Amino acid sequence: MTAIAQSVVAQPETREPQPHEILPQSAPGLDLARIRADFPILAERINGKPLIYLDNGATSQKPQVVLDAIANYYKHMNANIHRGVHTLSVRATEAHDAARQTVRKFLNAADTREIIFVRGATEAINLVAQTYGRVHVGAGDEVLITAMEHHSNIVPWQILCEEKGAHLRVAPINDRGELQLDEFAKLVGPRTKIVAVTHVSNALGTVVPLRPIIDIAHRHGVPVLIDGAQAVPHFAVDVQALDCDFYAFSGHKVYGPTGIGVLYGKRALLNAMPPYQGGGDMISSVTFAKTTYNDLPFKFEAGTPDIAGAIALGAALNYIGNLGMDKIAAHESELLNYATETVGAIPGVRLIGTASERAGVLSFLLDHVHPHDLGTILDREGIAIRTGHHCAQPVMERFGISATARASFAVYNTKEEIDALVAGIRTAREVFA
Ligand code: C6P
């Protein structure tokens with residue numbers, strides 16, 4: 001790099017990992033100091049302070065095993081998959097297949113053919129809207145979602161409805177941010193062609209009770225897509241026990257890299273659906289007269305996939321699987337309760353989203369302080385939170401606000417970090433008093 005280039009590239013403030021700097025209290029069954037040492041970025045200093053990363057809902061940090069999996073792929077097996085007879089291609093194909101098997105186990109899906117690698121939750125939902133949706137939704141039909149969806153689970157359905165002359169129906173939520181199940185049930189009818197619901201709201205933290213929703217929809221013969229982007233990092237998900245028809249998530253929120261995600265779909269549904277994109281690998285034969293499509297899951301994986309991403313996602317899921325999803329859930333639930341109590345006790349704080357079951361996310365407002373100002377003040381203390389509408393503008397509208405401050409948690413977070421967050425909010429309150 002030239003001297004000029006060096007001078008314009010911001011040099012990160014790094015130092016050796018010092019996992020003891022924030023002395024984490026032990027979490028039952030988890031060695032937090034050890035876990036924190038697995039995440040190199042947690043040793044970063046931000047504005048001279050140790051990084052306190054509470055923006056995990058946007059994307060989580062990556063453990064060394066994930067970084068190693070990416071490097072290892074490019075160092076020792078980089079080749080295209082399903083195409084070569086040479087050794088590197090066989091290695092890459094086997095590693096990619098193993099990652100799919102890891103995802104299957106992680107979701108407890110019945111078959112690896114039900115696991116489609118995509119770019120993320122957004123692409124997974126668009127895939128279902130543009131394949132299942134285009135075949136089954138017609139003029140006058142209805143797609144049912146809830147009032148707490150992320151834009152990724154609204155806009156793909158709006159595009160479909162506009163194209164087909166169908167209607168988007170929205171099940172309401174109450175003032176605590178909980179789905180009104182009785183109202184939801186009333187909205188399922190003969191014109192409903194698909195139900196698409198988040199598992200956990202990214203703006204409110206609400207955990208949606210999926211079993212009754214899926215039962216109601218299935219009684220009407222309607223399939224259900226679950227947006228699991230904010231669920232899979234926080235607790236174990238079993239797609240067979242849920243009996244959902246589709247389940248979507250992003251790798252980067254569950255300690256994997258960006259650019260990779262998963263669509264789970266029941267085999268019979270996926271088999272009956274037309275392909276999403278055309279290209280290499282999704283065909284079994286091509287002539288100018290006719291193309292026949294490949295078997296599942298490849299029918300939905302046109303072109304060279306993110307091979308390293310899938311392998312690294314497998315590494316991420318193995319990592320948290322080894323820690324234990326139940327232990328992660330217990331630790332994070334303790335963090336969320338502690339944050340709710342301590343942040344909620346600050347004068348002038350209003351919590352947005354107080355559902356009886358929540359995971360991962362604490363959304364709030366501070367009187368007289370815009371969330372962006374709060375975020376900026378916290379950043380000076382090395383604390384990263386997200387501020388804004390969180391790509392859930394209808395949720396903001398429901399609560400009559402334009403933005404919130406959001407702290408979102410991961411396995412490596414500690415109560416001491418929440419204490420620092422509370423101190424930072426108190427500082428902001430004084431600054432703006
Ligand atoms: N929410 C957040 O900060 P992608 O962009 O495809 O990885 O994930 C989209 C998505 C879908 N559903 C839910 C519930 C989500 O929370 C997200 C992403 C991030 O809350 C970025 S806006």
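FYI, the numbering just counts along the sequence from 1. Note that the coordinates shown come from a computational prediction; the quantities given were computed from them, not determined experimentally. Atoms within a ligand are numbered from 1 in the order they appear, just like the ligands themselves.
- Summarising the geometry of Arg358 relative to Val361, their closest heavy-atom pair is NH1-O, 3.6 Å, with the distance given to 0.1 Å.
- Those atoms of ligand 1 that come under 4.0 Å of a heavy atom in Gly57, given as number and element, are 2 (C), 3 (O), 19 (C), 20 (O).
- Put simply, part of His252 is less than 4.0 Å from ligand 1, judged by heavy atoms.
- For atom 8 (O) of ligand 1, the nearest protein heavy atom (residue, atom name, distance) is Ser250 OG, 3.6 Å.
- In Asp227, the part holding a heavy atom less than 4.0 Å from any atom of ligand 1 is the side chain.
- Between Arg406 and ligand 1 there is a heavy-atom distance shorter than 4.0 Å.
- Using a 4.0 Å cut-off between charged nitrogen and carboxylate oxygen, Lys49 and Glu381 count as a salt-bridge pair.
- Applying the 6.0 Å contact sphere to CD of Gln180 captures more than 12 heavy atoms from other residues, nucleotides or ligands.
- In summary, the atoms of ligand 1 found under 4.0 Å from a heavy atom of Ser152, numbered by their order in the structure, are 9 (C), 11 (C).
- Under a 4.0 Å criterion applied to the non-hydrogen atoms of Ala58, ligand 1 contributes the atoms 2 (C), 3 (O).
- The heavy atom nearest to atom 21 (C) of ligand 1, out of those in Arg386, His390, His389, is found in Arg386.
- Heavy-atom contacts of Ala229 reach the following atoms of ligand 1: 11 (C), 12 (N), 13 (C), 15 (C) (cutoff under 4.0 Å).
- The atoms of ligand 1 that sit less than 4.0 Å from any heavy atom of Lys253 are 1 (N), 2 (C), 8 (O), 17 (C), 18 (C), 19 (C), 21 (C).
- Atom 16 (O) of ligand 1 has its closest protein heavy atom at Gln230 NE2, 2.7 Å.
- Within 6.0 Å of the CG atom in Asp243, the count of heavy atoms belonging to other residues, nucleotides or ligands exceeds 12.
- For the pair Lys415 and Tyr338, the cation sits on the ring face: its NZ or CZ lies under 6.0 Å from the ring centre, inside 45° of the axis.
- Each of the following atoms of ligand 1 lies closer than 4.0 Å to a heavy atom of Thr122: 4 (P), 5 (O), 6 (O), 8 (O), 9 (C).
- Two residues are said to be in side-chain contact when any heavy atoms from C-beta on lie closer than 4.5 Å; Leu42 and Tyr412 meet this criterion.
- When each of His151, Glu149, His150 is tested with Asn153 by the rule side-chain hydrogen bond (donor to acceptor under 3.5 Å, both in side chains), just one qualifies, namely Glu149.
- In terms of protein heavy-atom proximity, atom 15 (C) of ligand 1 is nearest to His150 CD2, 3.3 Å.
- Side-chain contact between His252 and Pro257 is absent, with no heavy-atom pair separated by less than 4.5 Å.
- Between Thr198 and ligand 1, a contact under 3.5 Å exists for no N or O pair.
- In His220, the NE2 atom is crowded: over 12 heavy atoms of neighbouring residues, nucleotides or ligands sit closer than 6.0 Å.
- The ligand atoms of ligand 1 that sit less than 4.0 angstrom from a heavy atom of Cys391 are 22 (S).
- With a 4.0 Å heavy-atom cut-off, ligand 1 is reached by no atom of Glu123.
- When each of Ile81, Asn80, Ile307 is checked for a side-chain contact (heavy atoms from CB on, under 4.5 Å) with Thr93, only Ile81 meets the rule.
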